[in-house]
Trainee: 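Can you read through this structure? Questions will come right after.
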Amino acid sequence: MISVQEVNPMVLGIRALTGLQTLATSITEEIRQGVKKPFQQVIDVSSGDPHKAGMKPTSFVRQVLAACIYSKLLEEKSLPLDVRQRAHMLLGACNGGSLGSYSPTSHGIPLVKKSVAEFIMRRDNGVISSPEDIILSSGSQKCLSLVLHLMASGKGETQTGVLVPMPCPHTLPPLLEMSGVTPVLYQLVEDQGWAVDLDELHRALKTAREHCEPRAIYISNPGNPTGHVQDRKTIEEVIRFAATEGLMLLAEEVYQDSVYGPEKEFISYKRVLFQMEQEYSETVELISFHSISSACMGECGLRGGYMEVINMDPAVNTFLRNMQATCSSSTLPQLALEVMVNPPTPEDPSNQTFSQEILHYQTTLSQNAQRACEFLNNLPGMNCQSATGGVFLYPRLHLPPQFIEEAEMLGVEADVLYCQRLLEEEGVCLGAGCENGQNDQNYHIRLCVLAPPATLEEVLARLRSFHLHLLDRFP
C-alpha cells in the first residue's frame with residue numbers, strides 16, 4: 001500500500017483542494033435545506049477572491065462594463081462623463097461596436113494591448129513595452145497553461161522540469177499535472193519571511209537534473225501564499241541564476257498592486273532585467289503574468305489576464321499566439337483589463353470615488369494582515385510570518401502527535417484533516433498547506449485576509465474556538 005507521504009505532493013494538493021471545496025459546498029447546501037449547524041453560514045477565505053469574501057467591486061469598473069453591456073446607458077446622464085466616454089471608446093474597439101462579437105484578433109483587442117503596454121511602461125519607469133509582446137487570455141492561469149504546454153516534452157530523464165517554490169500558489173499543481181511537466185521543488189526560507197535562497201535554487205536544480213530536464217523557473221512576487229515581497233538584490237540574483245543555468249523565467253506578478261509592508265515596494269522582474277547589463281537584458285527569456293483577479297480589482301470571476309513575452313524567439317511568440325487562437329479570450333474580461341491598467345486620471349470626474357475605493361481596499365488589506373498575524377501568533381501551537389504583500393497569510397501549525405496519527409490512520413494529510421474539522425465544526429473554509437505543494441511535515445494553513453474587517457473577526461473567533469478545543473482534546 002502507498003502511504004500518504006509517498007504520493008506526489010502536487011497530486012496531494014489537487015486532492016485536498018477538491019475535497020475541501022466539495023465539503024464546503026455540501027455544508028452550504030445542507031444549511032439551505034434547513035439542517036441545523038453550530039453556525040449560520042460557511043465563510044470561505046481559502047482563495048484570493050475578495051468579492052466572495054464580501055469586499056465590494058470598484059464602482060468605475062462596474063459602471064464602464066455595465067455601459068458596454070447595455071449601450072443605452074451611454075445616454076444615461078447619471079453616469080459620470082468619463083465612464084460614458086470610456087465605454088464608448090471600448091465599444092468602438094469591438095467588432096460591430098458590440099462586446100458580443102469576437103475579438104478583432106485571437107490574442108487580444110489591439111486597443112487593450114496598447115493600454116497594457118502603456119501601463120507597463122508607466123509602472124517600470126519608461127522601460128519599453130510593445131503591444132506585440134502582449135498576449136491576452138482568459139486569466140493568468142490560462143496564459144501559464146499555454147506556456148507549460150508549449151514547453152512540455154520528453155519522458156523520464158528528458159521530461160521538461162520547472163523549478164517551483166514551496167509553498168506555491170494552490171492553482172499551480174493542477175496546471176503542472178495537466179501539462180505533463182515535472183515540478184522541481186525549491187523550498188522558500190520560512191524563518192526569513194519566506195525568502196528565496198540562492199543556495200537552495202542550486203541544490204534543487206542539481207538534484208533535478210538527475211531525473212528530468214529543467215527548462216524554467218517559476219517565481220511568485222509578491223509571494224502567493226507567503227506574502228513575501230522580493231527586493232532588487234534577490235531579483236538580480238534569480239535573473240543571474242536563470243541566465244547561468246539557461247532557464248526561462250516565469251514571473252507571476254498578480255498581486256503587484258497589494259504591497260503594504262514598511263519600506264517595501266513592488267519591482268517587476270522586467271524592470272530589473274532591463275536595468276542590468278546587456279548580457280542579461282538582451283538574452284534572458286522572461287514571461288510575466290498579470291490578471292484582473294489582482295487584489296484591488298478583484299474581478300476573479302471574469303477571468304481576464306495577460307502575459308508579456310520578453311527576449312523570446314519570434315517563432316515561439318508566434319506559436320503562443322497561434323495556440324491562443326484556439327480559445328481566444330472573451331471580450332468582457334479584456335475590457336475589464338483595460339479599465340484596470342488605465343484607471344481614471346486626477347482630472348476625471350470618477351477619480352475621487354475611485355481613489356477612495358482603492359485606498360479602502362489597500363487600508364483594509366494592510367490592517368487585516370497585521371491584525372490576523374498578531375492574532376495567530378498569540379495562539380498556542382501556531383506561528384505566522386508577517387506578510388508584506390499579497391492577500392494571504394500562511395501560518396504554521398504545530399499539531400499534537402495524536403492528531404497527526406489520527407490523520408495517518410484516515411489516509412489524509414494532517415493539515416487537510418485540520419481544515420476539514422474546522423469546516424465541519426465552525427463553518428470556516430481555509431486552505432491546507434499541501435494544496436500549496438507542502439509535504440514536509442511542516443503543516444500550514446492558508447488564509448485570505450482581504451475581507452471586510454467584521455468578516456475577518458468572525459473567522460478569527462471561530463478559528464480560535466476550534467484550535468483551542470483541538471488542543472484540549474489532544475493535550
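On a predicted model such as this, the values are computed, not experimentally measured, just so you know.
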Trainee: Of the non-hydrogen atoms in Tyr394 and Pro167, which two are nearest, and what is the gap between them?
Mentor: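 Here Tyr394 and Pro167 meet closest at CE2-CG, 3.4 Å.
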Trainee: Where do Leu136 and Ile109 come nearest, in terms of heavy atoms and distance?
Mentor: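 Result for this residue pair: CD1-N, 4.0 Å.
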Trainee: Hey, is the main chain of Gly298 close enough, under 3.5 Å, to the side chain of His51 for a donor-acceptor pair?
Mentor: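 Such a contact is found between His51 side chain and Gly298 backbone.
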Trainee: Give the C-alpha distance, both sets of side-chain angles, the deciding distance and a yes or no for side chain to side chain contact (heavy atoms under 4.5 Å, CB included) between Leu172 and Ser220.
Mentor: CA-CA 11 Å; Leu172 185 56; Ser220 176; over 6 Å; no
Trainee: Closest heavy-atom contact between Leu148 and Ser179?
Mentor: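 What the structure gives for the nearest pair is CB-OG, 3.5 Å.
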Trainee: Under a 4.5 Å cut-off applied to non-hydrogen side-chain atoms, are Leu470 and Leu399 in contact?
Mentor: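 SC-SC contact between Leu470 and Leu399 confirmed.
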Trainee: Answer whether the closest heavy-atom distance between the side chains of Ser145 and His149 falls below 4.5 Å.
Mentor: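 Yes. Closest side-chain heavy atoms under 4.5 Å.
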Trainee: Give a yes or no on whether the backbone of Leu79 and the side-chain of Arg84 come within a donor-acceptor separation of less than 3.5 Å.
Mentor: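 Yes, because the side chain of Arg84 sits within donor-acceptor range (under 3.5 Å) of the backbone of Leu79.
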Trainee: Can you tell me how far the CG atom of Asn442 sits from the CZ atom of Arg396, to the nearest 0.5 Å?
Mentor: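 Nearest 0.5 Å value for the CG-CZ distance: 3.5 Å.
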Trainee: Just do the side chain to side chain contact (heavy atoms under 4.5 Å, CB included) check on Met307 and Val147 with the steps written out, would you?
Mentor: CA-CA 10 Å; Met307 60 180 164; Val147 174; 3.7 Å; yes
Trainee: Can you tell me how the ring of Tyr255 sits relative to the ring of Phe392, calling it parallel under 30°, perpendicular over 60° and tilted otherwise?
Mentor: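 Correct class here is perpendicular.
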Trainee: Quick check: are there more than 12 heavy atoms from other residues, nucleotides or ligands sitting under 6.0 Å from CZ of Arg303?
Mentor: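 For Arg303, atom CZ is not crowded (no more than 12 foreign heavy atoms under 6.0 Å).
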Trainee: With rounding to the nearest 0.5 Å, note down the distance linking NE2 in His467 to CD1 in Ile445.
Mentor: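 With rounding to 0.5 Å, NE2 (His467) is 8.0 Å from CD1 (Ile445).
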Trainee: Distance alone, cut at 3.5 Å: any donor-acceptor contact between the side chains of Gln420 and Glu424?
Mentor: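 Not at all, the side chains of Gln420 and Glu424 share no donor-acceptor pair under 3.5 Å.
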Trainee: If I take atom SG from residue Cys68 and atom CG from residue Leu332, how far apart are they, to the nearest 0.5 angstrom?
Mentor: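 Separation between the atoms: 8.0 Å.
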Trainee: When you measure from the side chain of Asn383 to the backbone N and O of Asn377, does any donor-acceptor pair fall under 3.5 Å?
Mentor: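 Answer holds: no.
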Trainee: After noting the C-alpha distance and the side-chain angles of Glu338 and Arg86, does the key distance pass the salt bridge (Lys or Arg N to Asp or Glu O under 4.0 Å) rule?
Mentor: CA-CA 10 Å; Glu338 201 282 336; Arg86 179 68 64 87; 3.2 Å; yes
Trainee: Answer yes or no: is there an ion pair linking Glu457 with Arg371, defined by an N-O contact shorter than 4.0 Å?
Mentor: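 A salt bridge is present here (some side-chain N lies under 4.0 Å from a carboxylate O).
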Trainee: Answer yes when Arg473 and Glu425 have at least one side-chain N-carboxylate O distance shorter than 4.0 Å, and no when they do not.
Mentor: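 Result for this pair is yes, salt bridge flagged.
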Trainee: Less than 4.5 Å apart, any side-chain heavy atom of Phe354 and any of Ser59?
Mentor: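 Sidechains of Ser59 and Phe354: no contact.
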Trainee: How long is the span from the CD atom in Gln63 to the OG atom in Ser350, to the nearest 0.5 Å?
Mentor: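 If I round to the nearest 0.5 Å, the distance is 6.0 Å.
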Trainee: Identify the two heavy atoms, one from Ala295 and one from Pro50, that lie closest to each other, and give their separation to 0.1 Å.
Mentor: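 Closest approach of Ala295 to Pro50: O-CG, 4.0 Å.
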Trainee: So, does Tyr361 use its side chain to make a donor-acceptor pair with the main chain of Met297 at under 3.5 Å?
Mentor: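 Checking the backbone N and O of Met297 against the side chain of Tyr361, no donor-acceptor pair under 3.5 Å is found.
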Trainee: Going from CD1 on Ile27 to SG on Cys429, what distance comes out if it is rounded to the nearest 0.5 angstrom?
Mentor: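 One finds 8.5 Å between CD1 of Ile27 and SG of Cys429.
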Trainee: Could you list the residues that satisfy salt bridge (charged side-chain N to carboxylate O under 4.0 Å, His left out) with Glu458, not counting sequence neighbours?
Mentor: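 If we apply the salt bridge (charged side-chain N to carboxylate O under 4.0 Å, His left out) test to Glu458, skipping adjacent residues, the hits are Arg462.
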Trainee: Would you say Gln362's side chain and Tyr260's backbone share a donor-acceptor pair under 3.5 angstrom?
Mentor: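 Checking the backbone N and O of Tyr260 against the side chain of Gln362, no donor-acceptor pair under 3.5 Å is found.
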Trainee: Which label fits His290 and Tyr306: parallel for a plane angle under 30°, tilted from 30 to 60°, or perpendicular past 60°?
Mentor: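 Ring orientation, 0 to 90° scale: perpendicular.
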Trainee: Got Phe266 and Asn221 here, is their nearest side-chain heavy-atom distance under 4.5 Å?
Mentor: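 Side-chain contact under 4.5 Å: yes.
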Trainee: Indicate the atoms forming the closest heavy-atom contact of Ser258 with Leu365, along with that distance.
Mentor: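 Result for this residue pair: CB-CD2, 3.5 Å.
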Trainee: Please confirm whether the backbone N or O of Gly304 pairs with a side-chain atom of Ser291, one donor and one acceptor, at under 3.5 Å?
Mentor: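 Yes, Ser291 side chain to Gly304 backbone: donor-acceptor pair under 3.5 Å.
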Trainee: Just by modelled atom types, is the Cys212 backbone N or O under 3.5 Å from a matching donor or acceptor in the Thr182 side chain?
Mentor: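 Pair absent, no side-chain N/O of Thr182 close to backbone of Cys212.
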Trainee: Would you sort out whether Glu408 and Phe403 count as a side chain to side chain contact (heavy atoms under 4.5 Å, CB included), showing the intermediate values?
Mentor: CA-CA 9 Å; Glu408 290 176 348; Phe403 185 81; over 6 Å; no
Trainee: Quick one, Gln334 and Ser103 - any side-chain contact, counting heavy atoms below 4.5 Å?
Mentor: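 Of all side-chain heavy-atom pairs linking Ser103 with Gln334, at least one is under 4.5 Å.
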Trainee: Can you check whether Gln356's main-chain N or O pairs, donor with acceptor, with His360's side chain at less than 3.5 Å?
Mentor: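 Flag not set: sc His360 to bb Gln356 has no pair under 3.5 Å.
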Trainee: Does any part of the side chain of Leu463, heavy atoms only, come nearer than 4.5 Å to the side chain of Glu426, both counted from C-beta?
Mentor: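 When only atoms from C-beta onward are counted, Leu463 and Glu426 do not touch, as no gap falls below 4.5 Å.
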Trainee: Run the side chain to side chain contact (heavy atoms under 4.5 Å, CB included) check on Leu65 and Leu302 step by step: do they pass?
Mentor: CA-CA 11 Å; Leu65 295 183; Leu302 290 183; 3.9 Å; yes
Trainee: Rounded to the nearest 0.5 Å, what's the gap from CG on Leu163 to CE on Met248? Could you check?
Mentor: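 Rounded to the nearest 0.5 Å, the CG-CE separation comes to 13.5 Å.
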Trainee: Side chains of Asn436 and Arg446: does their closest heavy-atom pair fall under 4.5 Å?
Mentor: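 Counting from C-beta outward, Asn436 and Arg446 do come under 4.5 Å.
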Trainee: Under 3.5 Å, side chain of Thr331 to main-chain N/O of Ser101, donor-acceptor pair present?
Mentor: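 Present.
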Trainee: How about Gln230 and Tyr269: does a side-chain donor come under 3.5 Å of a side-chain acceptor?
Mentor: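 Yes, side-chain donor-acceptor contact under 3.5 Å.
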Trainee: Do you know the tightest heavy-atom contact between Pro380 and Leu471?
Mentor: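 Heavy atoms of Pro380 and Leu471 come nearest at O-CD1, 3.5 Å.
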Trainee: With sequence neighbours left out, what residues match Glu253 under salt bridge (charged side-chain N to carboxylate O under 4.0 Å, His left out)?
Mentor: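 Salt bridge (charged side-chain N to carboxylate O under 4.0 Å, His left out) list for Glu253, sorted by chain: empty.
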Trainee: Is the count of non-hydrogen atoms from other residues, nucleotides or ligands lying under 6.0 Å from Phe474 atom CZ greater than 12?
Mentor: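 Yes, CZ of Phe474 has more than 12 neighbouring heavy atoms, counting only those of other groups under 6.0 Å.
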Trainee: Can you check whether Val42 reaches Val428 side chain to side chain, under 4.5 Å on heavy atoms?
Mentor: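 With C-beta onward as the side chain, the pair stays apart.
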Trainee: Under a 4.0 Å N-O cut-off, is there an ion pair linking Glu299 with Arg62?
Mentor: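 A salt bridge is present here (some side-chain N lies under 4.0 Å from a carboxylate O).
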Trainee: Can any side-chain N or O of Asp415 pair as donor or acceptor with the backbone N or O of Ala432 at less than 3.5 Å?
Mentor: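 Between the backbone of Ala432 and the side chain of Asp415 there is no qualifying donor-acceptor contact (under 3.5 Å).
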